[in-house]
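Please read the structure below before turning to the comments.
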Amino acid sequence: MALATGPRPPPLLLPSKAINIPNPPSFDPHSRILISLKQCTHISQLKQIHALTLRSTSPYHPKTFFLYSQLLHFSSFLDFNYALQLFNQIQNPNSFMWNTLIRACANDVNNKDQAMRLYLEMLEQALVSPDKHTFPFVLKGCAYLFDVSEGIQVHAHALKHGFGSDVYVNNSLIHFYASCGFLDLAEKVFVKMPERSLVSWNVLLEGFVQFGKFNSALNLFREMRNTFDPDGYTLQSILTACAGLGAFSLGAWVHAYLLKKCDFNLSIDVFINNSLVDMYCKCGSLELAHQVFKRMPKRDLTSWNHMIRGFAMHGQAEAAIRCFDKMIRTERFRPNSITFTGVLSACNHKGMVSDGRLYFDMMVTDYKIKPALEHYGCLVDLLARAGFIDEALDLVSTMPMRPDAVIWRSLLDACSKKNSSVELSEELARQVVESEGDIGSGVYVLLSRVYASASRWDDVGSVRKLMTDKGVKKEPGCSSIEMDGVAHELFAGDTSHPQTKEIYQMLKVIDKKLESVGYSPDYSQAPMIDELNETKQHSLKLHSERLAIALGLLKLQPGMPIRILKNLRVCNDCHEVTKLISRVFNVEIIVRDRARFHHFKDGFCSCSDYW
């Protein structure tokens, strides 16, 4: 094997501290150069070593080829373009050299597409065959670029070359398919693997979590525990899944496992602790989230963002702003776009209009952050819900981007609550329809409330007929409650739960106690037609969160808070009923709905009836 004779390198500029080239008499030039390479930390040093190699070694010596493979290896970390030049000077590179350059492409954001090009060139030259190291590097590049067709071709090549059972290749295939959203194919590769490593489980877990398949992630985790103990990557994925599901008890178990079973360095890892803060915030335990946050030996910007957003979603706007002030004034962190989303959200949940305007201006003027759709959405919702609908509409008209359906819906929702003109509401509903490709039921429900508040029952009926004609069904309310590590899902009017009989008996007990304290139903958000009050009241009684509360009262130990996750916003009547239940039954109820948390205790809610 020989090295191509390339043009001599340009004159080298020596670094301020040139590399020390050892010269013991027993060492040949190849050994001395290899030792120098291990000390190399800068591209200018490597260029010196390359020049020395050209001067002091023969291209036909068998050790020179290995020496060039090491030069290529080190240069791939320091300067990709230099590594490419070096590679092009090597005649008949072996698989290690090809893999080195393909790996460098796969790890370089600006050259990911080159990984596939080099792989195809390797196949075209047909001098060496790809090995088990080649395919993971190529698949990594395909995953980053979401290049599904080429990734599938690489999968076929791996099978053709006999690597269908290789654990490393299969791990890369799982990562590739999961990254591209093909979770079924990722799981298919996983199931067919004759041998799995911990990485195999972690990669599929991460894929499930990335695409919101939280229940699948937890089921996989339970299966994994029969074979492997979780590591830091596992725990981080599971904490994210627990946050998504509101699975407090499992999240707390992970925290305890981390403290008792894992290495101390992992227990203080900033990424793990950030996941813990986020999990506790989203599972309704703001106090534990704050404890973890305060005890962190090191915090990054994400830590502060999680805590600010946690305070915001729990309605503690003042605490969120104090946290923000401490972050920028004491800790000297520079806020980013996510930080201001949290701060604006905090102002929105508390109706703090002046503060919302102030922080929006601060973001733009002081920190030169270009407002994104999320920031405009927060401010529009804040203004509209506080009654400043004209100002909110003016803001929407000056946005540099097209408003999405969420912004139009928030305006329509505010109009339905503030008794704005029917004509304005109809125009906003039209904007929602134009902005939203797949029309959900929300816009129809909101518009029907506007008509109902104006006693235009014919129009309410027309909305119902339009929904039927278009095949649009009202999104069913669904609430889940976690007990003993198991999530119980209940839909509005559900009769499928194994304990349905006991749940409905408990509802009757609740009704009697509510009547004894003077409860009167609020029909404003009952069904969309002008029904009899008895029918509406029956409908309200069967809302999913009431079924979940009844199950919690039946099964949870006295003194244990009832934690509920709901897919829709809590309606006015259920909000009032839950406040009464917390007082009458002396129980704390924590509800996470689509927008925020509600902490019910002693007849009051943390939102102060502003949601």
Side-chain angles (χ1 to χ4, degrees), residues 243 246 274 277-294 299-331 333-367 369 371-388 391-392 395 406-407 410-411 413-414 417 569-570 575 590-600 604-611:
N274 286 347
V277 171
D278 187 49
M279 181 274 295
Y280 280 127
C281 284
K282 291 178 179 175
C283 288
S285 185
L286 190 62
E287 183 179 350
L288 286 175
H290 200 207
Q291 282 182 21
V292 173
F293 177 79
K294 288 189 294 185
R299 305 185 193 104
D300 61 10
L301 181 58
T302 301
S303 316
W304 290 93
N305 285 347
H306 280 328
M307 201 66 249
I308 290 168
R309 293 174 74 180
F311 283 129
M313 71 175 73
H314 286 267
Q316 296 194 20
E318 296 83 358
I321 290 171
R322 285 196 301 270
C323 190
F324 173 76
D325 286 340
K326 184 176 181 182
M327 183 193 89
I328 61 173
R329 301 184 195 284
T330 306
E331 302 296 331
F333 277 96
R334 185 176 180 84
N336 63 7
S337 175
I338 296 171
T339 315
F340 279 102
T341 301
V343 173
L344 291 170
S345 177
C347 296
N348 186 14
H349 288 316
K350 205 73 172 181
M352 298 163 58
V353 176
S354 298
D355 293 275
R357 295 184 185 120
L358 173 71
Y359 286 110
F360 190 90
D361 290 341
M362 179 190 294
M363 175 181 70
V364 176
T365 306
D366 296 351
Y367 292 99
I369 295 173
L373 199 59
E374 294 79 11
H375 303 114
Y376 282 108
C378 283
L379 189 55
V380 167
D381 195 41
L382 167 61
L383 292 168
R385 292 200 304 130
F388 297 93
E391 185 179 347
L395 180 62
V406 175
I407 288 178
S410 68
L411 284 165
D413 183 42
K417 292 175 179 176
R569 281 181 184 254
V570 176
H575 191 268
I590 302 166
V591 178
R592 172 179 151 193
D593 70 8
R594 178 178 282 179
R596 58 169 297 155
F597 273 93
H598 299 264
H599 291 253
F600 299 93
F604 297 96
C605 179
S606 58
C607 74
S608 301
D609 298 340
Y610 186 86
W611 83 103

*Does any N or O in the side chain of R569 come within less than 3.5 Å of the main-chain N or O of D593, such that one atom is a donor and the other an acceptor?*
no
### Main-chain N/O of K294 paired with R299 side-chain donor or acceptor, under 3.5 Å
yes
The criterion is side chain to side chain donor-acceptor pair (under 3.5 Å); which residues satisfy it with [X], sequence neighbours excluded?
{"X": "S410", "answer": "none"}
{"X": "H314", "answer": "H599"}
{"X": "S337", "answer": "H375"}
{"X": "E374", "answer": "none"}

Taking all atoms of both residues into account, what is the closest heavy-atom pair of [X] and [Y], and its distance?
{"X": "R592", "Y": "A243", "result": "NH1-O, 2.8 Å"}
{"X": "M313", "Y": "R596", "result": "O-CB, 3.5 Å"}
{"X": "R309", "Y": "G342", "result": "CG-CA, 3.7 Å"}
{"X": "G377", "Y": "I407", "result": "CA-CG1, 3.8 Å"}
{"X": "N274", "Y": "H306", "result": "O-CD2, 3.3 Å"}
{"X": "A312", "Y": "A320", "result": "N-CB, 4.2 Å"}

Only distances under 3.5 Å count here; give the side-chain donor-acceptor pairs of residues 343-360 to other protein atoms, sequence neighbours excluded, each with its distance to 0.1 Å.
| unit_1 | atom_1 | unit_2 | atom_2 | d |
| --- | --- | --- | --- | --- |
| S345 | OG | H349 | NE2 | 3.4 |
| N348 | OD1 | L382 | N | 3.4 |
| N348 | OD1 | R385 | NH2 | 3.1 |
| N348 | ND2 | D381 | OD2 | 2.9 |
| R357 | NE | E391 | OE2 | 3.0 |
| R357 | NH2 | E391 | OE1 | 2.8 |

Q. Can T339 and N336 be said to form a side-chain hydrogen bond (donor to acceptor under 3.5 Å, both in side chains), step by step?
A. CA-CA 5 Å; T339 315; N336 63 7; 2.8 Å; yes
pair [X]-[Y]: side-chain heavy atoms closer than 4.5 Å:
{"X": "I338", "Y": "L301", "result": "no"}
{"X": "S303", "Y": "V277", "result": "no"}
{"X": "P335", "Y": "M362", "result": "no"}

_Can you classify the ring geometry of W304 versus F333 as parallel (below 30°), tilted (30 to 60°) or perpendicular (above 60°)?_
tilted
Candidate pair R322 and F311, rule side-chain contact (heavy atoms from CB on, under 4.5 Å), full reasoning:
CA-CA 10 Å; R322 285 196 301 270; F311 283 129; over 6 Å; no
* Asked: Does Y367 have R334 sitting over its ring (NZ/CZ under 6.0 Å from centre, angle to axis within 45°)?
  -> no
Under 3.5 Å, which donor-acceptor pairs do the side chains of residues 279-289 form with other protein atoms, sequence neighbours left out?
| unit_1 | atom_1 | unit_2 | atom_2 | d |
| --- | --- | --- | --- | --- |
| Y280 | OH | H255 | ND1 | 2.8 |
| K282 | NZ | D278 | OD1 | 3.4 |
| K282 | NZ | D278 | OD2 | 3.4 |

